[in-house]
**Q** 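Before we start, here is the structure in question, set down as structure tokens.
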Amino acid sequence: MMATLVVDGRDIAHVEHARSFRARSKGLLGRTGVATGLALEPASSVHTFGMDFAIDVAYVARSGRVLAVTTMVPGRLGLPRWRCRWILETEAGRMAEWGIRPGAVVSLS
């Protein structure tokens, strides 16, 4: 399922929205890259085991406020974030391009 990513009131991109257990479990595994982004909901942590590329990860609270943004290289396990409701994953470097940083307000529509 696709959704529009909105950052601080601006439409930024169309991203995949994984809401089922199966879709969240698969995530970005088996891909060589990601065209835009992948939103995992609900989620509070991610891993990069079995991945071939680094990703940017934004941890988002129920209110839509970004709690943290980090870059994860392949083979890592991210720690769960308290108050995190959903996670946005994309290729490394794209969060900065989109203006996603801690404190930004993001939503999916």
Side-chain angles (χ1 to χ4, degrees):
M1 177 174 156
M2 297 298 284
T4 301
L5 175 67
V6 180
V7 179
D8 291 332
R10 298 179 339 255
D11 290 359
I12 297 298
H14 293 287
V15 298
E16 295 176 58
H17 193 186
R19 298 189 75 171
S20 71
F21 177 77
R22 183 176 183 175
R24 290 190 320 269
S25 296
K26 182 170 175 24
L28 297 175
L29 293 174
R31 300 185 193 192
T32 57
V34 57
T36 59
L38 174 66
L40 306 166
E41 183 181 12
S44 62
S45 68
V46 294
H47 68 83
T48 56
F49 297 117
M51 293 181 64
D52 294 329
F53 57 97
I55 60 172
D56 282 347
V57 179
Y59 297 86
V60 184
R62 184 179 301 276
S63 66
R65 184 139 332 258
V66 176
L67 303 170
V69 176
T70 188
T71 299
M72 293 179 64
V73 296
R76 301 288 184 223
L77 176 63
L79 297 174
R81 303 284 175 145
W82 295 102
R83 301 185 338 255
C84 181
R85 171 67 180 154
W86 61 278
I87 289 175
L88 177 64
E89 299 177 332
T90 191
E91 286 192 20
R94 196 166 288 145
M95 294 288 180
E97 291 173 16
W98 288 348
I100 298 175
R101 68 207 175 294
V105 177
V106 299
S107 64
L108 300 171
S109 60

**Q** Do the side chains of Leu67 and Val60 join up, straight or via other hydrophobic residues, at under 4.5 Å, putting them in one cluster?
**A**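 No, no single cluster joins them.
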**Q** Distance-only, no hydrogens or angles: does the Arg83 side chain make a donor-acceptor pair with backbone N or O of Arg81 under 3.5 Å?
**A**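 Between the backbone of Arg81 and the side chain of Arg83 there is no qualifying donor-acceptor contact (under 3.5 Å).
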**Q** So which atom in Met72 and which in His47 form the shortest heavy-atom distance, rounded to 0.1 Å?
**A**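 Nearest heavy atoms, Met72 then His47: CE-CA, 4.2 Å.
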**Q** Specify the closest pair of heavy atoms between Gly93 and Asp56, including all atoms of both residues, with the distance to one decimal.
**A**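 Scanning both residues completely, I find the closest heavy atoms to be N-OD2, 2.8 Å.
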**Q** Could you state the interatomic distance from OH (Tyr59) to OG (Ser45), rounded to the nearest 0.5 Å?
**A**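 So the OH of Tyr59 and the OG of Ser45 are separated by 7.0 Å.
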**Q** As an exercise, state the distance from OG of Ser107 to CZ of Arg65, rounded to the nearest 0.5 Å.
**A**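 It comes to 12.0 Å.
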**Q** Flag yes if Leu77 and Leu40 sit in one hydrophobic cluster, no otherwise; membership is Ile, Leu, Val, Met, Phe, Trp, Tyr, and two members link when side-chain heavy atoms are under 4.5 Å apart.
**A**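 Leu77 and Leu40: separate clusters.
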**Q** Between Val46 and Trp86, is there shared hydrophobic-cluster membership here, with clusters defined by ILVMFWY side-chain heavy atoms closer than 4.5 Å?
**A**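 No, Val46 does not connect to Trp86 through the hydrophobic network.
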**Q** Taking the side chain as every heavy atom from C-beta outward, state whether Glu89 and Thr48 have any pair of such atoms under 4.5 Å apart.
**A**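 Counting from C-beta outward, Glu89 and Thr48 never come under 4.5 Å.
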**Q** Check Cys84 against Ala43 and note the closest heavy-atom contact, atom names and distance.
**A**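 In terms of heavy atoms, the two residues are closest at SG-O, 3.3 Å.
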**Q** Grab the two heavy atoms, one from Ala13 and one from Trp98, that are nearest each other, plus how far apart they are.
**A**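 Ala13 and Trp98 have their closest heavy atoms at CB-CZ2, 3.8 Å.
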**Q** Please say yes or no: joined through hydrophobic side-chain contacts below 4.5 Å, possibly via intermediate residues, are Ile55 and Ile87 part of one cluster?
**A**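 Shared cluster, yes.
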**Q** What's the shortest heavy-atom distance between Val69 and Ala58, and which atoms?
**A**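 Heavy atoms only, the tightest pair is CG2-CB, 4.2 Å.
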**Q** Output yes when Glu16 and Arg31 qualify as a salt bridge under the 4.0 Å nitrogen-oxygen rule, no when they do not.
**A**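 Between Arg31 and Glu16 there is a salt bridge, with a charged N closer than 4.0 Å to a carboxylate O.
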**Q** Quick check: do Leu38 and Leu88 have side-chain heavy atoms less than 4.5 Å from each other?
**A**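 They are not in contact (no side-chain heavy atoms under 4.5 Å apart), so the answer is no.
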**Q** Does any N or O in the side chain of Asp11 come within less than 3.5 Å of the main-chain N or O of Val6, such that one atom is a donor and the other an acceptor?
**A**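 Side chain of Asp11 to backbone of Val6, a donor-acceptor pair under 3.5 Å: no, none is there.
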**Q** Using the rule that two of Ile, Leu, Val, Met, Phe, Trp, Tyr join whenever any of their side-chain heavy atoms come within less than 4.5 Å, decide whether Val66 and Met95 are in one cluster.
**A**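 Yes, one cluster joins them.
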**Q** Among Val15, Ile12, Leu5, find the one that has a side-chain contact (heavy atoms from CB on, under 4.5 Å) with Thr36.
**A**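 Going through the options one by one, the only one that passes is Val15.
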**Q** Hey, are the side chains of Pro74 and Asp52 touching, using non-hydrogen atoms and a 4.5 Å cut-off?
**A**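 No - every pair of side-chain heavy atoms lies 4.5 Å or more apart.
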**Q** Using a cut-off of 6.0 Å, state whether more than 12 heavy atoms not belonging to Phe49 lie near its atom CZ.
**A**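 Enclosed.
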**Q** What is the distance from atom OG1 of Thr32 to atom CD of Glu91, rounded to the nearest 0.5 Å?
**A**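 Thr32 OG1 to Glu91 CD: 8.0 Å, rounded to 0.5 Å.
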**Q** Is it the case that more than 12 heavy atoms not belonging to Arg76 sit under 6.0 Å from its CZ atom?
**A**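 Not buried by this count: 12 neighbours or fewer within 6.0 Å.
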**Q** With side chains defined as the heavy atoms from C-beta onward, is the minimum distance between Arg85 and Ser63 less than 4.5 Å?
**A**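 Side-chain contact under 4.5 Å: no.
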